[in-house]
Amino acid sequence: AQSVTQLDSHVSVSEGTPVLLRCNYSSSYSPSLFWYVQHPNKGLQLLLKYTSAATLVKGINGFEAEFKKSETSFHLTKPSAHMSDAAEYFCVVSDQGYSTLTFGKGTMLLVSP
Amino acid sequence: NAGVTQTPKFQVLKTGQSMTLQCAQDMNHEYMSWYRQDPGMGLRLIHYSVGAGITDQGEVPNGYNVSRSTTEDFPLRLLSAAPSQTSVYFCASSYLSGTYEQYFGPGTRLTVT
């Protein structure tokens with residue numbers, strides 16, 4: 001069975017400072033891992049994905065994540081936050097033979113001027 | 001490509017009423033799914049389909065029916081709406097192989113009074 005834990009329900013940063021959103025996962029197989037972003041009253045947009053190629057994955061808008069198998073983690077980072085990054089972020093795991101995703105409960109990123 | 005489309009965007013129902021949420025995709029994806037999003041719960045899978053004529057239950061299927069007569073369409077039916085079904089509903093689709101990246105529709109916000 002697969003599961004995912006987002007360690008923080010809310011993260012607050014100042015504009016221009018680094019962002020770290022933490023995610024741990026549990027999987028019986030070699031998982032695919034994703035980060036999705038949801039801006040207020042919008043649908044979900046894929047930020048980046050890990051699918052057993054490079055462990056450091058670069059996504060859109062300057063975000064990146066590192067897959068660490070030994071720590072079962074897939075933390076999302078960005079060197080410098082922008083006001084437009086304020087949104088809810090979901091860590092997602094899939095280890096099924098077809099596309100069944102398990103979502104974390106989400107981390108709300110708040111960015112202050 | 002329009003991607004994944006959902007109608008309606010908003011709906012208010014009275015308890016006991018029935019309705020169908022529409023979902024369509026134009027990417028020739030085999031896999032389609034319905035999720036509901038509730039505050040603090042992330043997204044939970046209601047039903048999914050791996051092709052025309054094939055559907056299966058997800059984590060929270062009670063009170064919902066689905067069918068898949070074509071590759072493009074995957075409607076979600078609420079048979080007798082209850083206040084507990086007040087939620088935001090997202091449809092998603094993907095290929096059955098590859099990276100399992102799912103594409104999401106814009107969502108339907110449903111309120112049951």
Side-chain angles (χ1 to χ4, degrees), chain A residues 1-10 21 23-25 27 29-54 57-60 65 67 74 87-108, chain B residues 2-7 9-10 21 23 25 27 29-51 54-61 68 74 87-111:
Chain A
Q2 60 191 27
S3 66
V4 60
T5 302
Q6 292 184 241
L7 298 169
D8 306 291
S9 59
H10 292 81
L21 305 183
C23 172
N24 287 349
Y25 70 92
S27 172
Y29 306 97
S30 296
S32 295
L33 291 156
F34 309 84
W35 277 98
Y36 283 85
V37 61
Q38 184 180 32
H39 287 93
N41 300 313
K42 299 290 187 185
L44 281 79
Q45 180 185 18
L46 181 69
L47 270 182
L48 50 81
K49 59 188 175 187
Y50 166 77
T51 56
S52 75
V57 182
K58 294 188 185 298
I60 61 173
F67 174 72
F74 190 57
E88 190 162 22
Y89 293 78
F90 292 95
C91 183
V92 184
V93 63
S94 174
D95 66 4
Q96 303 283 328
Y98 47 83
S99 327
T100 303
L101 306 184
T102 297
F103 283 74
K105 295 192 187 318
T107 298
M108 187 69 70
Chain B
V4 181
T5 58
Q6 292 183 237
T7 55
K9 291 191 186 304
F10 302 94
L21 307 184
C23 174
Q25 54 91 9
M27 296 172 282
H29 286 163
E30 303 98 336
Y31 181 89
M32 296 185 73
S33 55
W34 278 101
Y35 295 87
R36 60 177 289 172
Q37 182 180 27
D38 302 293
M41 302 290 288
L43 273 74
R44 292 180 292 169
L45 183 65
I46 304 172
H47 285 285
Y48 65 94
S49 168
V50 298
I54 307 169
T55 63
D56 206 347
Q57 296 180 352
E59 181 185 354
V60 288
R68 182 110 177 258
F74 190 46
S87 187
V88 182
Y89 291 85
F90 288 99
C91 179
S93 71
S94 75
Y95 293 111
L96 276 180
S97 59
T99 62
Y100 309 141
E101 172 186 346
Q102 292 199 8
Y103 295 81
F104 285 83
T108 295
R109 187 174 295 273
L110 175 68
T111 302

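Every chain is numbered from 1, with letters handed out A, B, ... down the list of sequences.
- Residues that satisfy the salt bridge (Lys or Arg N to Asp or Glu O under 4.0 Å) test with B:Lys9, not counting sequence neighbours, are absent from this structure.
- Contact of B:Leu45 with chain A is made through the side chain alone, with heavy-atom distances under 4.5 Å.
- Residue contact with chain B, scored on non-hydrogen atoms closer than 4.5 Å, is absent for A:Gln45.
- At a 4.5 Å heavy-atom cutoff, the contact between A:Leu46 and chain B is made by side-chain atoms alone.
- To the nearest 0.5 Å, the span separating OG1 on A:Thr51 from CD on B:Glu101 amounts to 10.0 Å.
- One finds the OH atom of A:Tyr36 at 5.0 Å from the CZ atom of B:Phe104 (value rounded to the nearest 0.5 Å).
- Exactly one residue among A:Val92, A:Leu44, A:Leu101 makes a side chain to side chain contact (heavy atoms under 4.5 Å, CB included) with B:Leu43. That residue is A:Leu44.
- Using a 4.5 Å heavy-atom cutoff, the side chains of B:Arg109 and A:Asn41 are in contact.
- Contact of B:Gln37 with chain A is made through the side chain alone, with heavy-atom distances under 4.5 Å.
- Partners of A:Tyr50 under the side chain to side chain donor-acceptor pair (under 3.5 Å) rule, at least two apart in sequence or in another chain, do not exist in this structure.
- Neither the backbone nor the side chain of A:Gln6 comes within less than 4.5 Å of any heavy atom in chain B.
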